[in-house]
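Worksheet for the structure shown next.
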Amino acid sequence: MKLTNVKDVEKFIQVIKECEHDVYLKSQEGDVFNLKSSLSQYIAIGRLVDENGDSLELFADSREDEARLIHFLCELDEEAKAVA
């Protein structure tokens, strides 16, 4: 799933921490960051808030974690629409 409008990085990290299995962020260049790793998380978040943040894709190892992430992203879309 593509990431867009992730402005609340703290909430995004909290959702990642709630996931029970690995969650990955993949760049167009092929870089893959495991967001359950603190070091990878710092690098990935830097990329996320960078100008290319909307070109990153999010993957989860389990369906439950994927559903949690989709719910979070839907909430972000709702908030963005409410502000606009």
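Note that the structure is predicted; figures quoted are calculated from it, not measured.
- Side-chain contact between Glu64 and Glu20 is absent, with no heavy-atom pair separated by less than 4.5 Å.
- Minimum interatomic distance between Ala44 and Leu25 (heavy atoms only, all atoms of both residues): CB-CD2, 3.7 Å.
- Annotation: Lys26, atom NZ; neighbour count of heavy atoms from other residues, nucleotides and ligands within 6.0 Å does not exceed 12.
- By the 4.5 Å heavy-atom criterion applied to side chains, Phe12 and Leu58 are counted as neighbours.
- The two residues Asp65 and Ala60 come nearest to each other via the heavy atoms CB-CB, 4.0 Å.
- Applying the ring-ring contact (aromatic ring centres under 6.0 Å, His included) rule to Phe33 yields no partners; only residues at least two apart in sequence or on another chain are considered.
- Listed by chain and number, the residues in a salt bridge (charged side-chain N to carboxylate O under 4.0 Å, His left out) with Asp22 amount to none (sequence neighbours excluded).
- Nearest heavy atom pair, residue His21 against residue Asp61, reads CB-CB, 4.0 Å.
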**Q.** Worked verdict on Leu35 versus Ile13 for side-chain contact (heavy atoms from CB on, under 4.5 Å)
**A.** CA-CA 8 Å; Leu35 296 178; Ile13 291 172; over 6 Å; no

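- Here Tyr24 sits in one hydrophobic cluster together with Val32, Phe59; the rule is ILVMFWY side chains under 4.5 Å apart, joined directly or through other members.
- Considering every non-hydrogen atom in both Arg68 and Glu18, the closest pair reads NH1-O, 3.2 Å.
- Atom CD1 of Ile43 and atom OG of Ser38 lie 11.0 Å apart (nearest 0.5 Å).
- Using a distance-only test at 3.5 Å, with no hydrogens or angles considered, a donor-acceptor pair links the side chain of Lys36 to the main chain of Ile16.
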